[in-house]
There are 2 protein chains.
Amino acid sequence: MTRPVHRVAPRTDGPIRQDGLRAHNLVLTFRQIAGARDAPISRSELAAATGLTRPTITRIVDELLAAELIVEAGPSRSGGSGRPRVGLSLARSGPAGLGLDIRADVLSACVVDLTGTVRHLEFADRPGAGPEAVLGGLAAMAGRAVTAAAAENLTVVGVTLAVPGPVRDDAVVRLAPALGWRDVNAGAALSGRLGLPVHVGNDARLAALAEWYAAGPELRDFVCVSGEFDIGAGLVLDGAQLDGWAGELGHVMVGSGGPPCVCGATGCLQCYAGLESILAASGDRGAGSPEVARSPAVAIDALVSAGDPRILAALDEAATALGIAIAGLVNLVRVDTVLLGGGYALLASWLIDGIHRELRRRVLRTGWSPVEVRPAPLGPDAAVIGAALSAVDRVRRDPNGWLARLHR
Amino acid sequence: MTRPVHRVAPRTDGPIRQDGLRAHNLVLTFRQIAGARDAPISRSELAAATGLTRPTITRIVDELLAAELIVEAGPSRSGGSGRPRVGLSLARSGPAGLGLDIRADVLSACVVDLTGTVRHLEFADRPGAGPEAVLGGLAAMAGRAVTAAAAENLTVVGVTLAVPGPVRDDAVVRLAPALGWRDVNAGAALSGRLGLPVHVGNDARLAALAEWYAAGPELRDFVCVSGEFDIGAGLVLDGAQLDGWAGELGHVMVGSGGPPCVCGATGCLQCYAGLESILAASGDRGAGSPEVARSPAVAIDALVSAGDPRILAALDEAATALGIAIAGLVNLVRVDTVLLGGGYALLASWLIDGIHRELRRRVLRTGWSPVEVRPAPLGPDAAVIGAALSAVDRVRRDPNGWLARLHR
DNA sequence: CCAGTTACGTCAATCTCTGAAACAAATCCC
DNA sequence: GGGATTTGTTTCAGAGATTGACGTAACTGG
């Protein structure tokens, strides 16, 4: 029986030589182990799942064990007779990823190990001034996180910073209106301070990665809509995240007229369904205050609990706008699930019906294959966690790099 | 120097054995030859491009020559001294693909060879009645095309039918309002009559494939918007077509109110920018008549030439609507080129400015990386040609299947 | 306690590519 | 015409990887 995994097949570009073959099969085996997640997988099962023979699996497993990328669990058998199978699973020590995130009023840092488990999660107030101060704060947090990781036998192999906005070359923040950043080379700045490779990624994309890990392999085709001020959509399609996906959902047109968006156009989704816009539409009460800035979703939730009728109307309007934008997305991309992430996770119960209504109206496909809309379990922390996962994911995708490090 | 190719890397899912290695390197070499297109490539260049050694290339090339998948061109050298290099290029006989398309009032069939050259293109009136009559007409055309291909030493290895609408399992037409079809298993029906594997694909997707071939390897990230009544968008991203891309652009919302669309909602792009809608908006003159049905784009063009002011207004409105929808798409997917295909190719000069205007307004990215909009060279025939290409593409992607056929 | 069963490890055989070298072929340049 | 140059073919030994067969380990059930 083939076990489900996130992605089995390594991509081999270029010629394969004998050693390339070896590397390929090692990656294949490793991913199978990673895909097994909670349930440790035995050597025989690996042989069946990968199509390799048992001797080959033995050799590869030995190599992975020597590198301490995987560990042998105690003998665990499902029932039959015979020698019990030895479970193999990812090591909980060794390589780790460090994620950083900048939210409205708070910085966060997160360390995950190879298994995707969160081992460290820390928050700090966000320094108000320009990029320099923020990057300094992030670097300090990152330093603390690296030592905390080392104390648990974890080696941080890479850092990823999540930012709300488009990114160029995995390093330069093109434009992040929520931060007031424009063409900031955050990758180089942090990399210089930390002495580690730093990638910069879009927060919605990274949030989708975290939700994907958390949800398990059944979730193969979905978007995760998230954001506080900007609205982004992370995509997983056919069990993979897509290079070339921009996901700037916030600037999809959902209505005519209205106030101009930061982008200059009118009718952008953000102006109807951004959390700040929802607050403003509900009567502007408290918008701009510190506690609202810290978490506008909580502020909205509080208003709802207080029974404010205007916030319900604003949420309804936001749901319609989100529904229209998501309908456009779902018409273009064949996903079967929509996760409401970030701040929307908290507000999902007031949004889902309205979104569903628009999807049913505007997406032909819902007639024969329904689209599910549900809150994303990780909520606002998804982006940091996703950033950390993306950093360690490089080892997961190609463990040969980690092996090479040991042979030196 | 590495030559540009559409996609160099074969995707190898599953384990690689020693013989798999051999197959992999053969595919690699074959694709390099296919990618060279017009300019034949020599064995030495292949060695340099693939990273394999010359003896290995010699062996692989011998195998491909024996299978008659490639041919040696006359000695062609670029200038230096020494023995002239022998150019290798794809054979113009051997495997071929057959494409079928159903347009408003006309059926078409097309045969392309391995090189992607159109070797046969035929049109026929579309029988009016239900799916059965249409499929019968297609089967008859397909039969003629297969014999015509055989006369030129071509073996049709697969058939693809293009339909305007979503398709399930490469075989069943989910819904094609323009044809009045719903859940028609066209794949099984045609396959039964022809005795060949028949796949069914979305016309916009296949049109994008054809335009991609025609444009050459520089075009790596684009959408091709096309359609007569329905509007679809085919996508090529990062040099590959995407499984999971639906591309139903026609039902993206671009305005509020207006008449209800066939999908039930209001404000769909199709209602503003469908060719029939443009005609209707211009004063409904001749809409529904046979010559308009045969080619609404030609009818529109004729009105423009006649200096009708209302058609210009309708085109301007259509351009704005297209611009809004395409802006939404471009916000989600990082493409740098938009091709106006199908009927829009003919009308491009009256549409491009309006589309550009909306893109500049609504797509953040245009500030630093401009998006080009231009007519698609193949126009309305792109879908049939793309269908034929997609059929022969299976051999191009994995020539080992064709080799195995010979060894039997 | 022993047979049956399943899991895992070891060994020679086989396959493919590499690298070097020698060689043949075809052209350019002097 | 002869030398230089580049391309393509052939040969050989060698390395690396997988396979297939056999042997060993460990547990269940009677």
Side-chain angles (χ1 to χ4, degrees), chain A residues 1 10 12 14-30 33 40-66 70-88 400 403-404 407, chain B residues 1 10 12 14-29 32-33 40-66 70-88 400 403:
Chain A
M1 190 200 72
T12 39
I16 298 198
R17 305 175 165 67
Q18 298 89 315
D19 57 335
L21 192 160
R22 176 183 196 140
H24 174 100
N25 285 336
L26 183 135
V27 171
L28 191 73
T29 306
F30 180 76
I33 298 171
I41 186 170
S42 74
R43 290 172 175 78
S44 308
E45 288 172 303
L46 280 174
T50 60
L52 297 166
T53 57
R54 292 199 309 252
T56 305
I57 292 292
T58 293
R59 191 195 53 67
I60 291 173
V61 166
D62 283 350
E63 204 165 341
L64 291 171
L65 283 170
I70 62 174
V71 293
E72 285 188 330
S76 71
R77 58 181 306 97
S78 42
S81 65
R83 175 175 174 174
R85 48 192 64 167
V86 180
L88 300 168
N400 288 296
L403 294 182
H407 289 312
Chain B
M1 189 200 73
T12 39
I16 300 196
R17 307 175 165 68
Q18 299 89 314
D19 57 336
L21 191 160
R22 181 182 193 140
H24 176 100
N25 285 336
L26 182 135
V27 172
L28 191 73
T29 306
Q32 206 65 239
I33 297 171
I41 187 170
S42 74
R43 290 172 175 78
S44 309
E45 289 173 300
L46 280 174
T50 60
L52 298 167
T53 57
R54 292 207 310 254
T56 304
I57 292 291
T58 293
R59 191 193 54 67
I60 292 174
V61 165
D62 283 349
E63 207 166 338
L64 291 172
L65 283 171
I70 62 174
V71 292
E72 284 188 330
S76 71
R77 59 179 307 98
S78 42
S81 69
R83 175 175 174 172
R85 47 192 65 167
V86 179
L88 300 168
N400 287 296
L403 293 181

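Per chain, numbering begins at 1; letters A, B, ... match sequence-line order. Computed from a prediction, not measured in an experiment: that's the story for all the values here.
Closest approach of A:P40 and A:E45 over heavy atoms only: O-OE1, 4.3 Å. The minimum heavy-atom distance linking B:R43 with B:I57 is given by the pair O-CG2, 3.7 Å.
Residues A:D62 and B:T56 both approach DNA chain C. Their nearest nucleotides, taken by heavy-atom distance, put A:D62 toward the 5′ side. Taking for each of B:I60 and B:P55 the nucleotide of DNA chain C with the nearest heavy atom, the 5'-most of the two is the partner of B:I60.
Applying the salt bridge (charged side-chain N to carboxylate O under 4.0 Å, His left out) criterion to B:R54, with sequence neighbours excluded, gives no partner residue.
If you measure from atom NE2 of B:H24 to atom C1' of C:dC15, you get 17 Å, rounded to the nearest angstrom. The CG atom of B:L28 sits 17 Å away from the P atom of C:dT16 (whole-angstrom rounding). To the nearest angstrom, C1' of C:dT16 lies 13 Å from CG of B:L26. In this structure, CG of A:L46 is placed 9 Å from P of C:dC8, rounded to the nearest angstrom. Atom CD1 of A:I57 and atom C1' of D:dT19 are 13 Å apart (whole Å). To the nearest angstrom, C1' of C:dC8 lies 15 Å from CZ of A:R59. Atom-to-atom, CD of B:E72 to C1' of C:dA26 comes out at 14 Å; the value is rounded to the nearest Å.
Checking the phosphate oxygens (OP1, OP2) of D:dT7, no side-chain nitrogen or oxygen of B:R43 falls inside 4.0 Å. A close approach under 4.0 Å does occur between a side-chain nitrogen or oxygen of B:T53 and OP1 or OP2 of C:dT18. A close approach under 4.0 Å does not occur between any side-chain nitrogen or oxygen of B:T58 and OP1 or OP2 of D:dG8. The phosphate of D:dT18 has OP1 or OP2 within less than 4.0 Å of a side-chain N or O from A:N25.
Using a 4.0 Å heavy-atom distance criterion, A:S44 is classed as a sugar-phosphate-only contact.
Looking only at side-chain heavy atoms (C-beta outward), A:F30 and A:I70 come within less than 4.5 Å of each other. A:I60 is listed as a side-chain neighbour of A:L52, based on a closest heavy-atom distance under 4.5 Å. Using a 4.5 Å heavy-atom threshold, the side chains of B:L64 and B:I33 count as touching.
Listed candidates were C:dT18, D:dT10, C:dT10. Nearest to the side chain of B:L52 is C:dT18.
Residue B:L65 holds its CG atom at 10.5 Å from OG1 of B:T58, rounded to the nearest 0.5 Å.
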Are there any protein N/O atoms within less than 3.5 Å of an N/O atom in nucleotides 22-24 of chain C, and if so, which ones and at what distance?
none

